[in-house]
Protein chains: 2
Amino acid sequence: MPRAKCPKCQITERILKSGIIRDKQRFYCKDCNYHFTLLHDGKKQKNETKKNNRPTSLKDIAQAAGISISTVSRALNNHPDISLETRNNIKQLATSMDYHPNILAQSLVNRSTQSLGVIIPNLETTFFSSMLGGIQHIAAKSGYRVVICQSDENHMTEVANLQALMNNMIDGLLICHTLYTNTFDHVKMQMNKGIPIVQFYRVSEELKLPKIYSDDENGAFQITEHLINKGCKKIALLLGPKAISINNRLNGYLKALRMHGINKDENLIKHVDFSYNAVIAAVDEWLNLEPEIDAIFSISDKCAVQIIRHLKNKNIKIPGHISVCGFGNEYTGEIVEPQLTTFDVRTRLIGEAAAKLLLEQIIDKKTKNESIMIDGKIIIRESTRK
Amino acid sequence: MPRAKCPKCQITERILKSGIIRDKQRFYCKDCNYHFTLLHDGKKQKNETKKNNRPTSLKDIAQAAGISISTVSRALNNHPDISLETRNNIKQLATSMDYHPNILAQSLVNRSTQSLGVIIPNLETTFFSSMLGGIQHIAAKSGYRVVICQSDENHMTEVANLQALMNNMIDGLLICHTLYTNTFDHVKMQMNKGIPIVQFYRVSEELKLPKIYSDDENGAFQITEHLINKGCKKIALLLGPKAISINNRLNGYLKALRMHGINKDENLIKHVDFSYNAVIAAVDEWLNLEPEIDAIFSISDKCAVQIIRHLKNKNIKIPGHISVCGFGNEYTGEIVEPQLTTFDVRTRLIGEAAAKLLLEQIIDKKTKNESIMIDGKIIIRESTRK
DNA sequence: AATGTTTGCGCAAACGTTTGCGATAGATAT
DNA sequence: ATATCTATCGCAAACGTTTGCGCAAACATT
């Protein structure tokens, strides 16, 4: 190994090895009392190309104009301290140099990123993606970006997403919980950070946060009452997993039964995850009941459509024999035959309301505790007409 | 107005007004040659609460441990320069102080934000949202966040979104163009910034960028040939607006006709925007043709479903009288009666492939020019069975 | 001419990281 | 004991902004 040469005094004697530093051999020149390592020759080149590739900064403009960075900043931000003349000059120079502010740096100093975080169970069902559409729409109107994380109906993913988003990435959070989320410590831990949070659609009463409710109890009541008015007496109710506030749909169902003097029958109420097999199994059990059921109210349109197809395969007339109702008003309910009676929860409006409520908090800088219910509307179609 | 008091010498005489600065009256004390303004009394309080509200930083940990910031940083990043002992101590202290790195600051110095940008025409149709799901899935696996902008099929919005995203917010961009995007200067302007871009689904040959194609031409060919094999001879083709590469579906259609010796008939090819009225109008025109058409091939499943319902309203038998095909394999095609023959373009796979291709470029730090085609699959259902 | 006021700009700190290099106390080799 | 090496840490610059304050020159008022 050739002896190292000191970059200062250029001698090769009296050079000592001085440990390995950052994976590079280090030397020490006794003459000039100088530590050094052998530089990669690519370094200088790298430095040059780096400079050239960088987007123009305030500094570049300042240098080009021969003024200070602060003046450039103020000029571009229309600060009154800067004369009209220099302001115009600088603006012109900035556009000619294709300047665009570095949002990261701005966010760092302003402590605001102009973006909202969304945690949502799923992106691919229209039910959720239309909420997302509403959020996006409102956010964009106020100049906010949207960072989306999908929890995939997985609680641990929700926790991880929350963690990731809350580290200075976002000015506010919109969250719609997983079906299986029943502990909320991960949210509680974030509630003192000063970043407003709004729960939407699937909310938890355990958390003192503003919420956007869908009109579930009333909707379920209306659907059930509609079935009763159509003469149904044994109305089966298909619910999702036992979780969160969604199950106040059960309350609406029970309330309608009560008001019309129909006794609750535990056999007619089933909880399932939303898998196809579980849905079909539940329906088949009901079909074996005596006396026969005359209606199925599914908490989800998707399941309701599956049920309709299943019943048709079994040559069971809808609504002649059994009426079927869904919940949510997805597009498929309009396509299936017979068309599905359902309850429109106005998912897009929910998203919009959530985003609005969040933005209010961000802009006014105070945490509200207001909660909003989005009214829905029953949609009566063929699957319950007799 | 009471005279101002100099905060240094505490006198009230010899105080001069000295202009308005930052919207506050400014004073000058002749005695101590000192400029000052009347401070809002809330300032100190604000300063305190601010400090308390802030998340813990490296500085806080360093102060608590009595060491330097750099040591803390290196310890938490497992840098070998730090002894195991201090490293463990610092890590423990960090978790006990609930430290989480400020991603903005990291991004600023590392010049990387660990997030991908997506520009997509629409969030609310399953067709696009499932692509988005694929993107999200792959990005999350590599620890990347996703920032989503929806262009709403509006060219100007696409341009604005692009501008906003490319200012240091993202490490790479996935873009699916608007139906009406036919100039691409806004993209060209961003191509030299060193941020990799991948086009997906709706791509433009005008841009020298890696692309993810769907198997459109082949798909249209297969659908058309399938119709011909079923005995159809007058096959109407419903296309979207004249734009981008999507229209090589037209090529597939024409190729199939050619191969089977069927002459092209201009009357059978119509371009429409995807509005309901335009679709129905096109179909009605076709229905008046002589000799009668025996098939309709719609470029979009959504329109195909509308067409089926329209034909059924007119008591036209499907496929007995007219066969109907769609393109895309949306869920509604399975629900509608008769079930829709269509072509599965595997939207989710397209999203995944796009994200993978982008991530490769980001991680390898070199811009590729590879393009990928995602194979689709024809799905034959009732709407073409005779 | 003297004094008071305003305008227009620059300096430097701050935001929270990462990292090249300097520095020193102890370990090891001679 | 001395010369050499190593391990471990701190200093300070850098990333690109915003902003409180200082200050000189220009302007306005006596």
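In what follows, chains are A, B, ... by sequence order, proteins preceding strands, each numbered from 1.
- In terms of heavy-atom proximity, Q190(B) sits nearest to H186(B) at CG-O, 3.3 Å.
- Look at CZ on R87(A): it is 13 Å from C1' on dT7(C), rounded to the nearest Å.
- The distance from atom NZ of K59(B) to atom C1' of dA13(C) is 10 Å, rounded to the nearest whole Å.
- Atom pair I61(A):CD1 and dG10(C):P shows a separation of 14 Å (rounding to whole Å applied).
- One atom, CG of L58(A), and another, P of dC15(C), lie 19 Å apart when rounded to the nearest Å.
- Closest to the side chain of T86(B), out of dC9(D), dG20(D), dT17(C), is dC9(D).
- Here dC15(D) is the nucleotide among dA12(D), dC15(D), dT17(D) with the atom lying nearest to any side-chain atom of L108(B).
- Using a 4.5 Å heavy-atom threshold, the side chains of L76(B) and K91(B) count as touching.
- Taking side-chain N and O atoms only, S68(B) has a distance below 4.0 Å to OP1 or OP2 of dG10(D).
- Atom CG in N88(A) sits about 13 Å away from atom P in dG8(C), given to the nearest Å.
- Spacing between atom OH of Y99(A) and atom C1' of dG16(D) amounts to 8 Å, rounded to whole angstrom units.
- In this structure, R111(B) reaches the dG16(D) phosphate: one of its side-chain N or O atoms is under 4.0 Å from OP1 or OP2.
- A straight line from CD1 of I69(A) to P of dA14(D) spans 12 Å, rounded to a whole angstrom.
- Residue Q106(B) has its side chain nearest to dT17(C) when only dC15(C), dT17(C), dT18(D) are considered.
- If you check every strand for non-hydrogen atoms under 4.0 Å, S73(B) touches a base.
- Rounding to the nearest 0.5 angstrom, the gap separating the OG1 atom in T95(B) from the CD1 atom in I90(B) is 12.0 Å.
- Checked against dT17(D), dG8(C), dT19(D), the side chain of D81(A) finds its nearest nucleotide in dG8(C).
- Comparing dT18(C), dG10(D), dG20(D) by their nearest atom to the side chain of R74(B) picks out dG10(D).
- Counted within 6.0 Å of NZ on K141(A), heavy atoms from surrounding residues, nucleotides or ligands total 12 or fewer; the atom is thus considered open.
- Across all strands shown, S70(A) has heavy atoms under 4.0 Å from base atoms, whether or not it also approaches the sugar-phosphate.
- Heavy atoms of S83(A) sit under 4.0 angstrom from primed sugar atoms or phosphate atoms, though from no base atom.
- dC15(D) atom C1' lies 13 Å from atom CG of D60(A), rounded to whole Å.
- Using a 4.0 Å heavy-atom cutoff across all strands shown, L104(A) reaches no nucleic acid atom at all.
- Just one of V147(B), L359(B), L173(B) meets the side-chain contact (heavy atoms from CB on, under 4.5 Å) condition when paired with L116(B); it is L359(B).
- Applying the 4.0 Å criterion to OP1 and OP2 of dT18(C), one finds that N77(B) has a side-chain N or O inside that range.
- The side chain of V109(A) has dT18(D) as its nearest neighbour among dG8(C), dC11(C), dT18(D).
- Enclosure of atom CE in M97(A) by more than 12 non-hydrogen atoms of other residues, nucleotides or ligands within 6.0 angstrom is indicated.
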